[in-house]
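When a residue number appears, it is its place in the shown sequence, counting from 1.
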Amino acid sequence: MAASVALSPTKLLDVYRRPGAVEPRYAFDIANPWHQRVPMLVEQRARDDEGEKWLRVQLPIAPNGTSGWVRGDEVDVHPRRHLLVVDLSRRTISHFVQGELADRFLVGIGRPDAPSARGTFFVWAKVPQADPGGPYGSFVLGLSGMAPISEWTGTGRMAVHGTVDASDRGRRISAGCIRVYNPELDTLRSVPLGTPVVIRG
């Protein structure tokens with residue numbers, strides 16, 4: 001999966017309803033609560049009637065799949081060489097680098113009453129945890145999507161996070177998040193912000 005991300009050099013980015021629109025829909029704050037400047041996944045490219053470049057980007061807000069258009073000259077575009085794929089049927093997470101499989105781990109997924117959401121998202125936050133034995137393990141990869149029951153950050157934000165309990169692997173046990181055994185999750189710390197995360201199966 002070839003993917004690009006758009007990163008604004010400024011904290012606020014004007015987002016429009018369509019290419020060529022005069023008034024922005026809103027000024028979007030690209031920083032997350034940990035003051036990390038978050039690249040957004042590029043979904044489509046276009047030009048307006050004047051030939052100006054525009055990009056449709058996925059926005060890390062509810063409802064899942066919300067997108068908006070940004071001016072091409074107001075963002076820097078970078079390729080993303082990493083990809084995470086969660087297969088809910090097999091209960092695995094696979095990490096690809098430049099199209100090659102780097103790692104694959106068995107994971108815990110959402111319970112039947114709190115299923116993990118499917119779709120294409122991106123890494124919205126990288127948050128080390130002070131207590132690796134706590135509810136989110138050693139590390140959290142916060143995602144751009146929302147899960148109605150997830151309690152991470154108190155907003156229903158989806159996440160791939162750690163667990164100290166090896167028996168969580170392969171079970172339907174979470175409130176929608178993807179649980180990865182701490183020693184295995186540590187190999188994903190290098191995954192950059194904006195990395196696409198495909199949840200399917």
- [ ] Could you tell me whether the side chain of R157 and the main chain of S144 form a donor-acceptor pair under 3.5 Å?
- [x] yes
Open item on the list: Looking at Q36, is its backbone amide N or carbonyl O close enough to the side chain of K126 to form a donor-acceptor pair, meaning the two atoms are under 3.5 Å apart?
Closed with: no
For a quick test of reading the model, state the closest non-hydrogen atom pair linking [X] to [Y] and the distance between them.
X    : Y    : value
S116 : G176 : OG-O, 3.0 Å
G201 : S89  : C-OG, 3.3 Å
V180 : L185 : CG1-N, 3.6 Å
P60  : M40  : CD-SD, 4.1 Å
P183 : T187 : O-CG2, 4.1 Å
R45  : W69  : C-CZ3, 4.5 Å

Give a yes or no on whether [X] atom [atom1] has more than 12 heavy-atom contacts from other residues, nucleotides or ligands under 6.0 Å away.
X    : atom1 : result
D49  : CG    : no
R81  : CZ    : no
R189 : CZ    : yes

Open item on the list: Please verify the inter-ring angle class for W34 with W124; under 30° counts as parallel, over 60° as perpendicular, anything in between as tilted.
Closed with: perpendicular
So do the side chains of [X] and [Y] get within less than 4.5 Å of each other, counting heavy atoms only?
X    : Y    : result
Q44  : S67  : no
F139 : H161 : no
V123 : H82  : no
V107 : V160 : no

Task: Option passing side chain to side chain contact (heavy atoms under 4.5 Å, CB included) with H95 (candidates L84, L101, L83) - done: L84
Open item on the list: Salt bridge or not between R111 and D113? Use side-chain N to carboxylate O under 4.0 Å.
Closed with: yes
- [ ] Return yes if a side-chain donor-acceptor contact under 3.5 Å exists between D165 and T163, otherwise no.
- [x] no
Open item on the list: For a quick check under 3.5 Å, do S138 and D186 share a side-chain donor-acceptor pair by atom type?
Closed with: yes
